[in-house]
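First comes the structure, then the notes that go with it.
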Amino acid sequence: MSDDARGGARSRPTRPDVRVTIGQLRVSADRGAAREVALDALATAARAGADLLVLPEYASAFDPRGVGLEHAEPLTGPFVSALRERAARTGVAVLAGTTLPGSGVAGGDPASGPSSAADRDARPGGSSAADAGAPARAVNAVVAIDARGELVGTYRKVHLYDAFGARESDRLEPGPPDAPPLVLDVGGLRFGVLTCYDLRFPESARRVVDAGADVLVVPAAWASGELKAMHWRALAVARAIENTAVVLGVGQAGPGVVGRSLVVGPDGVVGLELDERPDVRTVDVDGAGLAAVRARNPSLANRRYAVVPRG
């Protein structure tokens, strides 16, 4: 099961490509300030004639020392509501990282939002529920908003960043690994979502591709450190080659993170790469070129193993 949003071409000129704006933003811990930065990026996307805007992980508020419940707001809160209103006004679809209240929070969403439009009202909290007596935590999420301003899906990050001395799980609940992948249809291409540390797990990308994704979208706040920028680039290129998919890695800029957003073609060629500074850039994703690479290199069709979620 995947999420469909077919309004992405509304009021857009006819063309063979899908135009995507990537917002490498410096995000404040101040939620109001972060919201305005995100809306500015959406205005830039609209001026560029983009079909889709991709914002980084934690675009609603960020602290490099750790993001948690103090940064969270519900799907009905100001951040998602503002993006929905502006998407409806401009006709630009949005994928954006945010932080939601976790299942152990009074008034929070038990399932931390729908994993797909079809299970919005049906899915229980499942594996993301807080353990009895454990401190309340937040949820690292990416929301998908179509060009009509409808919230059509939410991905909850499965692989929390408990590595390189960090422990994201102290402050965040993981998403259920068996949740349906979030795949957003924009202009005839399908954009599947991973988040940051998920990029290190090839089976996560393959599961999204198995759900129909042509493009892997990776909002991130990739932590800086020795070899970390190299890892980010190498992993993005690897995910593109092994899945014959376009990869849009959209990082945060600022203290504690590497920035370095990039666009990788299905042949592994890096077509755009930013440095560590804030920037908003627009690219055209070539659907015909993607299809040609997959026809020449049918590795997805030739494989002999499937991906099965593990609890």
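The shown structure was predicted, so the numbers you read here are calculated from the model rather than taken from an experiment. Residue numbers count from 1 along this sequence.
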For Asp275, enumerate each residue passing the side-chain hydrogen bond (donor to acceptor under 3.5 Å, both in side chains) test, keeping only those at least two apart in sequence or located in another chain. Arg277

Hey, can you pull the donor-acceptor pairs under 3.5 Å for the side chains in residues 255-274, sequence neighbours left out?
{"from": "Ser261", "atom 1": "OG", "to": "Gln24", "atom 2": "OE1", "distance (Å)": "2.7"}
{"from": "Ser261", "atom 1": "OG", "to": "Gly251", "atom 2": "N", "distance (Å)": "2.8"}
{"from": "Asp267", "atom 1": "OD1", "to": "Val269", "atom 2": "N", "distance (Å)": "3.1"}
{"from": "Glu273", "atom 1": "OE1", "to": "Arg233", "atom 2": "NE", "distance (Å)": "3.0"}
{"from": "Glu273", "atom 1": "OE1", "to": "Arg233", "atom 2": "NH2", "distance (Å)": "3.2"}
{"from": "Glu273", "atom 1": "OE2", "to": "Arg233", "atom 2": "NE", "distance (Å)": "3.0"}

Check step by step if side chain to side chain contact (heavy atoms under 4.5 Å, CB included) holds for His159 and Ser204. CA-CA 9 Å; His159 296 99; Ser204 290; 2.9 Å; yes

Suppose we screen for salt bridge (charged side-chain N to carboxylate O under 4.0 Å, His left out). Which residues come up paired with Arg31, at least two apart in sequence or across chains? none

Would you call Asp284 and Asp286 a side-chain contact if the rule is heavy atoms closer than 4.5 Å? no

Keeping Arg239 on the side-chain end and Leu199 on the backbone end, is there a donor-acceptor pair under 3.5 Å? yes

When every non-hydrogen atom of Gly91 is compared with those of Ala147, the smallest separation belongs to O-CB, 3.3 Å

Taking atom CG of Asn243 and atom CG of Asp214, what is their separation to the nearest 0.5 Å? 11.5 Å

With sequence neighbours excluded, tell me which residues meet salt bridge (charged side-chain N to carboxylate O under 4.0 Å, His left out) with Asp170. Arg167

Distance, nearest 0.5 Å, that separates OG1 of Thr21 from CG of Leu248: 11.0 Å

Compare every heavy atom of Ala245 with every heavy atom of Leu290, then report the nearest pair and how far apart it is. CD1-CA, 4.1 Å

Just to verify, what does Glu73 make a salt bridge (charged side-chain N to carboxylate O under 4.0 Å, His left out) with, not counting sequence neighbours? none

Under the rule for side chain to side chain contact (heavy atoms under 4.5 Å, CB included), what residues qualify as partners of Ala43, not counting sequence neighbours? Arg47

Which heavy-atom pair separates Ala29 from Ala61 by the least distance, and what is that distance? O-CB, 3.9 Å

If only atom types and distance count, is the side chain of Glu57 paired as donor or acceptor with the main-chain N or O of Ala221 below 3.5 Å? yes

Check each of Val18, Val54, Leu216 against Phe191 using the side-chain contact (heavy atoms from CB on, under 4.5 Å) test, and report the only one that passes. Val18

Between Glu150 and Ile145, does the side chain to side chain contact (heavy atoms under 4.5 Å, CB included) criterion hold? Intermediate values first, please. CA-CA 5 Å; Glu150 295 296 323; Ile145 299 166; over 6 Å; no

Interatomic spacing from CG in Leu53 to CG in Leu83 - rounded to 0.5 Å: 8.0 Å

So does Val67 get a backbone contact from the side chain of Asp63, meaning a donor-acceptor N/O pair under 3.5 Å? no

How about CZ on Arg303, more than 12 heavy atoms from neighbouring residues, nucleotides or ligands closer than 6.0 Å, or not? yes

Can you name the closest pair of heavy atoms from Phe79 and Gly97 and give their distance? CE2-O, 3.8 Å

Would you indicate whether Arg281, at its atom CZ, is surrounded by more than 12 heavy atoms from other residues, nucleotides or ligands within a distance under 6.0 Å? no

For Ala240, is there any backbone N or O sitting under 3.5 Å from a side-chain donor or acceptor partner on Thr244? no

Any non-hydrogen side-chain atom of Thr98 less than 4.5 Å from a side-chain atom of Val142? no

Looking at side-chain heavy atoms only, is the closest gap between Val27 and Val37 below 4.5 Å? no

With Thr195, which residues qualify under side-chain hydrogen bond (donor to acceptor under 3.5 Å, both in side chains), at least two apart? none

The side-chain hydrogen bond (donor to acceptor under 3.5 Å, both in side chains) partners of Arg207 (sequence neighbours excluded) come to none

Rounded to the nearest 0.5 Å, what separates atom CG in Leu42 from atom CZ in Arg86? 6.5 Å

Nearest non-hydrogen partners of Val280 and Gly23, listed with the distance: CG2-CA, 4.2 Å

So which residues get pulled into Leu227's cluster when ILVMFWY side chains under 4.5 Å apart are joined, directly or through others? Met230

Measure from the side-chain N and O atoms of Arg171 to the backbone N and O of Ser169, and report whether any donor-acceptor pair falls under 3.5 Å. no

May I ask you to test the Leu182-Thr154 pair for a side-chain heavy-atom distance under 4.5 Å? no

pair Leu194-Tyr155: side-chain heavy atoms closer than 4.5 Å: no

Could you go through the side chain to side chain contact (heavy atoms under 4.5 Å, CB included) check for Leu184 and Leu52 one step at a time? CA-CA 10 Å; Leu184 179 70; Leu52 174 67; 4.1 Å; yes

Applying side chain to side chain contact (heavy atoms under 4.5 Å, CB included), run through Val218 and Asp198 and close with a yes or a no. CA-CA 8 Å; Val218 191; Asp198 287 333; over 6 Å; no

If the condition is side-chain hydrogen bond (donor to acceptor under 3.5 Å, both in side chains), which residues does Glu36 pass it with, not counting sequence neighbours? none

pair Pro278-Leu25: side-chain heavy atoms closer than 4.5 Å: no

Any donor and acceptor pair, going by atom type alone, linking the side chain of Ser81 with main-chain N or O of Thr76 inside 3.5 Å? yes

Mark yes or no for whether Arg35, through its side chain, and Ser60, through its backbone, hold a donor-acceptor pair below 3.5 Å. no

Does Asn297 reach the main-chain N or O of Val293 with its side chain, forming a donor-acceptor pair under 3.5 Å? no

Working to the nearest 0.5 Å, report the span between CG of Leu189 and CG of Asp17. 8.5 Å

Is the side chain of Lys157 donor-acceptor paired with the backbone N or O of Ala141 at a distance under 3.5 Å, no angle test? no

Is Glu173 salt-bridged to Arg156, going by a charged N under 4.0 Å from an acidic O? no

Applying salt bridge (charged side-chain N to carboxylate O under 4.0 Å, His left out), can you list everything that pairs with Arg26, at least two apart in sequence or on another chain? none

Any heavy-atom pair between the side chains of Tyr58 and Gln252 that's under 4.5 Å? yes

Looking at Leu172, is its backbone amide N or carbonyl O close enough to the side chain of Arg137 to form a donor-acceptor pair, meaning the two atoms are under 3.5 Å apart? yes

Thr99 vs Val139 side-chain heavy atoms within contact, under 4.5 Å: no

Basic-acidic side-chain contact under 4.0 Å: Asp51, Arg19: no

Hey, could you give me the SG/CH2 distance between Cys196 and Trp222, rounded to the nearest 0.5 Å? 5.5 Å

Considering only Ile, Leu, Val, Met, Phe, Trp and Tyr, and joining two whenever side-chain heavy atoms are under 4.5 Å apart, list the other residues clustered with Phe201. Tyr161, Phe164, Tyr197

Over all atoms of both residues, closest heavy-atom pair of Pro219 and Leu55: CB-O, 3.5 Å

